[in-house]
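In what follows, a single structure is set out as structure tokens and then discussed.
Count residues from 1 along the sequence. Note that these values count all heavy atoms, side chains included, but never hydrogens, waters or copies made by symmetry.
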Amino acid sequence: IEAISEEDTTYNESYLQLDSSPLKATLVSECNTWQTKFLNLLNDNANKELHDIYDHFENKTQEIQQDPQELDALGYKIETVNKLEKGLPKLQAKFEPLLERFDLLTLFDRTINEAEAELKDKLDEEFDKFASEIEKAKRRLDGFKKSFQKQLNNDVDAFENSITKLKADFDRKAPFDDKNLTVAQAQKIMADYRHKIAEKRDREGQLKNGLDIFSQNHPTYQDLRYMSYKLDFLQGIWKIRENWESKWNVWKRTSFPDLQIDDMQNDSAKVKKRLYKLAKDIGSWKVFTNLQETIRVFEATMPLILDLKNDAMRIRHWKQLMTELGDSIEFDPYSSSFTLDTVFTLGFVDAKDTIAAISVAATQELLIENSLNEIKQCWNETNLEFLPHNETYWKLCYSEDLFTNLEDQIVTLSTMKVSRYVDAFESEVLDWEKTLSVISETLDKIFVVQTKWMYLENIFQGEDIKKQLAKEATMFG
């Protein structure tokens, strides 16, 4: 501005005189305006920073003067005081640049109001007071640390005792035994213990923060690990049981003819394999041993189920089974109401040996039935072949296969007759034996007659015989 003010405003050029007074006035005015804006901005920033420092003094002093009421608050206070103490040099380093800004304002004849001037002049004094308050707070917190540390140690002891009690309660009430317990009830008990352990973990974290304040070692709570470890296995075994019961409930309501035996055996094998893997860790728990026994009993009943699913079983066998089970026992094995549950309800398991014997008999009887059907089919499809003889008669052709089948079937029927399982087919076997015997005798006689006829035919065709036995010769003419 001074340089512009010192410049001449008039210039002579040849016959012209130039007057730049308006331009000079405008430039001086603009410079004054911008100078004022910059000085105002500098003043505002300096005042704001000055007040921010005093606000920091006031707020932090009030904060550190408040006594901590709990351990977390003590930790926070200690951390705050330490940060404030470490930050003092950095805070003090702001003073010199700030004061230089105020000096610059004075240089440009900017008047600082009395309140701000007083704050500026007392800055070092207030800083010393603030540092003194930090030191007082440190000493005061040291006193609180002693009382809080004693309380913390008492809390740690109480916490350890509560874990010991929880473990004892866990060992006594956790669902290691499935007696009188449903899956839902067991899951609720386990969920409750999960919640209690989670609460203990939260409390452990709180105590850990307190121990860190006093640089004390953290106890390791093995009982919490123990309970979490056992709960993992408990939830695993109860989950297996839940899945098994779910499958069993489906099977026992399924119509017996619709049962998929292969799937049932595969599922039980998978459960057995999973139990085997758990045996080392939980082999003594009742819930484990009982489920293991359930699978063993199920597998032991599979032969019974297979016997009942035997395709050879006929209505006569089911009637025989009803008789063996008791006169009052009746059921329809082909009805949708005949389920696996029915099998167990009616006491089939107690008669498994009888059922096995009936199933074996049914299988053997099916062999006889199939053999009789084959014999019947064979003769339904057998044709006897006749060929013309001497343009007058028909001759039965001899068939090796026919007589081979006939001999084999007679032997088969003879074997059936001595079988202990022939009773249901005895009359049919005897009928076929008689029929095949007649067929065999008849064929034998036919072929004997044919053979003799053709032999005599050759003889009676001679001229001498025709003359001597003319009447008889005409029969072979």
Can you check whether [X] reaches [Y] side chain to side chain, under 4.5 Å on heavy atoms?
| X | Y | answer |
| --- | --- | --- |
| Thr61 | His56 | no |
| Tyr221 | Lys200 | no |
| Leu50 | Leu123 | yes |
| Phe298 | Met302 | yes |
| Ile53 | Phe127 | no |
| Asp262 | Gln265 | yes |
| Thr182 | Gln185 | yes |
| Glu245 | Arg241 | yes |

Quick one: are the ring centres of [X] and [Y] less than 6.0 Å apart?
| X | Y | value |
| --- | --- | --- |
| Trp244 | Trp251 | yes |
| Phe176 | Phe288 | no |
| Phe256 | Trp318 | no |

side-chain contact (heavy atoms from CB on, under 4.5 Å) against [X], all qualifying residues, sequence neighbours excluded:
| X | result |
| --- | --- |
| Glu135 | Glu85, Lys138, Arg139 |
| Thr382 | Cys378, Trp379, Leu402 |
| Leu430 | Lys417, Glu426, Glu433 |

Chi angles and distances behind the salt bridge (Lys or Arg N to Asp or Glu O under 4.0 Å) call for Asp232, Arg194: CA-CA 10 Å; Asp232 289 340; Arg194 281 288 185 197; 2.4 Å; yes

Do other residues, nucleotides or ligands put more than 12 heavy atoms under 6.0 Å from the [atom1] atom of [X]?
| X | atom1 | result |
| --- | --- | --- |
| Phe344 | CZ | yes |
| Asn161 | CG | yes |
| Tyr226 | OH | yes |
| Arg203 | CZ | yes |
| Arg101 | CZ | yes |
| Glu381 | CD | yes |
| Lys167 | NZ | yes |
| Lys309 | NZ | yes |

Within the distance-only criterion (no hydrogens, no angle test), does the side chain of [X] pair as donor or acceptor with the backbone N or O of [Y] below 3.5 angstrom?
| X | Y | value |
| --- | --- | --- |
| Ser371 | Thr412 | no |
| Ser162 | Phe159 | yes |
| His317 | Arg314 | yes |
| Thr323 | Lys319 | yes |
| Thr220 | Gln222 | no |
| Ser228 | Arg225 | no |

Test: Glu365 and Arg316 ion pair at under 4.0 Å: yes

salt_bridge(Lys77, Glu63) N-O dist < 4.0 Å: no

Matching residue for Trp285 among Leu234, Asp177, Leu278 - test: side-chain contact (heavy atoms from CB on, under 4.5 Å): Leu234

Whether Phe338 and Phe348 hold their rings parallel, tilted or perpendicular, with breakpoints at 30° and 60°: tilted

Atom [atom1] of [X] and atom [atom2] of [Y]: how far apart are they, to the nearest 0.5 Å?
| X | Y | atom1 | atom2 | answer |
| --- | --- | --- | --- | --- |
| Asn47 | Asn43 | CG | CG | 4.5 Å |
| Ile355 | Leu321 | CD1 | CG | 5.0 Å |
| Thr339 | Lys252 | OG1 | NZ | 9.0 Å |
| Glu204 | Glu160 | CD | CD | 10.5 Å |
| Thr301 | Met264 | OG1 | CE | 7.5 Å |
| Thr354 | Leu304 | OG1 | CG | 11.0 Å |

Working for salt bridge (Lys or Arg N to Asp or Glu O under 4.0 Å), residues Asp169 and Arg172: CA-CA 5 Å; Asp169 184 73; Arg172 187 173 63 257; 3.2 Å; yes

Step-by-step side-chain hydrogen bond (donor to acceptor under 3.5 Å, both in side chains) determination, Gln65 to Arg140: CA-CA 9 Å; Gln65 284 178 342; Arg140 191 168 61 256; over 6 Å; no

For residues [X] and [Y], is any side-chain donor paired with an opposing acceptor at under 3.5 Å?
| X | Y | value |
| --- | --- | --- |
| Arg420 | Gln364 | no |
| Glu242 | Gln187 | yes |
| Glu324 | Gln320 | no |
| Asn59 | Tyr54 | no |

Minimal non-hydrogen separation, Pro333 against Pro257, with atom names: O-CG, 3.8 Å

Taking every non-hydrogen atom, the tightest pair across Ile237 and Leu275: CD1-CD2, 3.4 Å

Within 45° cone and under 6.0 Å: Lys196 NZ/CZ vs Tyr193 ring: yes

Lys48/Asp52 under salt bridge (Lys or Arg N to Asp or Glu O under 4.0 Å): CA gap, chis, key distance, verdict: CA-CA 6 Å; Lys48 182 179 183 304; Asp52 286 345; 3.0 Å; yes

Step-by-step salt bridge (Lys or Arg N to Asp or Glu O under 4.0 Å) determination, Glu293 to Arg296: CA-CA 5 Å; Glu293 177 63 14; Arg296 188 197 65 77; 2.6 Å; yes

Worked verdict on Leu91 versus Phe57 for side chain to side chain contact (heavy atoms under 4.5 Å, CB included): CA-CA 10 Å; Leu91 178 61; Phe57 288 159; 3.6 Å; yes

Verdict with supporting geometry, Asn310 and Thr363, side-chain hydrogen bond (donor to acceptor under 3.5 Å, both in side chains): CA-CA 8 Å; Asn310 189 350; Thr363 300; 2.8 Å; yes

Steps toward side chain to side chain contact (heavy atoms under 4.5 Å, CB included) verdict (Trp432, Lys376): CA-CA 9 Å; Trp432 270 109; Lys376 181 178 180 181; 3.8 Å; yes

